[in-house]
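Only one structure is covered here, and it is reproduced in the block below.
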There are 2 protein chains.
Amino acid sequence: MLGQDGPDGCCPALLTAPLETDQAETLAKVFKALGDPVRLRLLSMIASRAGGEVCVCDLTPAFDLSQPTISHHLKLLKQAGLIDSERRGTWVYYRLLPEMTDRLAALLTRPAEAPLTEPAGAAS
Amino acid sequence: MLGQDGPDGCCPALLTAPLETDQAETLAKVFKALGDPVRLRLLSMIASRAGGEVCVCDLTPAFDLSQPTISHHLKLLKQAGLIDSERRGTWVYYRLLPEMTDRLAALLTRPAEAPLTEPAGAAS
DNA sequence: TTCTTGTATCGAAGAATGTCAACATAGACG
DNA sequence: CGTCTATGTTGACATTCTTCGATACAAGAA
């Protein structure tokens, strides 16, 4: 997902060209996954871990939520392509998929040639 | 909103340090505003406009939605700090607030010293 | 003033989401 | 085999969200 290139041949442009309908739906799913404080904290805890991996057993006790709820949120982050999981023995480890956050960062970065720095330039 | 600095003294770190609870809630509201395909397209249409401004009368007919619905989505984007509006005569013009998208882009950009570039680097 | 157009707000219906308790599954250990 | 622990899944409920029609507000025109 999010792999399809935009009309400019590079990336699905967000700030430089009107987003197409299907790309908007795909992108919205990723942002929706980030639109919850619990999931944001989960992602942050996973991404900021030095080794790149966090055991679920370390994530669950950090919240005042039930274990199924944490598992549900991790599933949504995984479905959004933001994280991935791997089982090693008894425990399951989650890690960040930096490709997705990189892509989002690129989407939200406006190019240097964008003339948005002077919005009041009404000298048409 | 989003103005409070993180524990590192710079920005509320997302990928480098565990997000604090209140910051997660603040951030989640912004991402939630982006988590809808209609709002993403609205933001894209506003941001990509050369003059930096778009009249609501140009936005509404681009969707198969009622005028109150578009107005509602614009309100959510505005409350999230992503856009701003100004009335000039009969029409209302919306423009991007690049500070917010810049902040989000910075949040999702991992610093160069982050050792996450080799997730499979099992060479201990 | 009245009329018309553009935009925002209100109230409600249906859909989607967050959360939990209960249960299922996977693996380790006897 | 059985048992225990760690995660994931299911079903249900309360909350929130998306959308609409109806209405209110703002501003120009007659």
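Proteins get letters first, then strands, A, B, ... in listed order; numbering begins at 1 in each.
Between A:R88 and A:D64, the residue anchored closer to the 5' end of DNA chain C is A:D64, taking for each the nucleotide with the nearest heavy atom. Along DNA chain C, the nucleotide nearest to B:T69 and the one nearest to A:T69 differ in position, and the one closer to the 5' end is contacted by B:T69.
In this structure, B:R87 atom CZ and C:dT9 atom C1' are separated by 13 Å, rounded to whole Å. Across the protein-nucleic acid pair, B:L42 atom CG and D:dT18 atom P stand 12 Å apart, rounded to whole Å. B:Y93 places its OH atom 13 Å from the C1' atom of D:dA27, with the value rounded to the nearest Å. Atom P of nucleotide D:dG8 and atom CG of A:L77 are separated by 12 Å, given to the nearest angstrom. Atom CD1 of A:I70 and atom C1' of C:dC20 are 12 Å apart (whole Å). One can place CG of B:L65 at 10 Å from C1' of D:dC20, the figure rounded to the nearest angstrom. We find that CG of A:L40 is positioned 16 Å from P of C:dT17, with the value rounded to whole Å. A straight line from CG of A:D58 to P of D:dT7 spans 9 Å, rounded to a whole angstrom.
The phosphate of C:dT17 has OP1 or OP2 within less than 4.0 Å of a side-chain N or O from A:K32. The phosphate of D:dT7 (OP1 or OP2) has no side-chain N or O of A:H72 nearer than 4.0 angstrom. Remark: A:T90 is not in phosphate contact with D:dA6, judged by side-chain N or O atoms under 4.0 Å from OP1 or OP2.
Expressed to the nearest 0.5 Å, how far CG of B:L43 lies from CG of A:L27 amounts to 10.5 Å. In this structure, the separation between CG on B:L74 and CD1 on B:I46 is 5.5 Å, given to the nearest 0.5 Å. With rounding to the nearest 0.5 Å, the separation of CD in A:Q23 from CG in A:L14 is 10.0 Å. With rounding to the nearest 0.5 Å, the separation of OG1 in A:T101 from CG in B:L108 is 6.5 Å. In this structure, CG on B:L59 lies 11.5 Å from CD on B:Q67, to the nearest 0.5 angstrom.
Residue contacts for A:L59: at a heavy-atom cut-off of 4.0 Å it reaches no nucleic acid atom on any strand shown. Residue A:R39 is in sugar-phosphate contact alone, with no base atom involved, counting any heavy-atom pair closer than 4.0 Å across all strands shown. B:Y94 comes within 4.0 angstrom of the backbone, heavy atoms only, and of no base. No contact: B:L74 has no heavy atom under 4.0 Å from any strand.
The disulfide (SG to SG under 2.5 Å) contacts involving residues 22-103 of chain B comprise B:C55-B:C57, where partners must be two or more places apart or lie in separate chains.
You'll find that the side chain of B:L76 is closest to D:dT18, out of D:dT7, C:dA8, D:dT18. For A:H73, whose side chain is taken as the heavy atoms from C-beta onward, the closest listed nucleotide among C:dT19, D:dT9, D:dT7 is C:dT19. Among the nucleotides C:dA8, D:dC20, C:dT19, the one closest to the side chain of A:V38 is C:dT19.
Remark: the A:Q67 side chain and the D:dG8 base include a donor-acceptor N/O pair separated by less than 3.5 Å.
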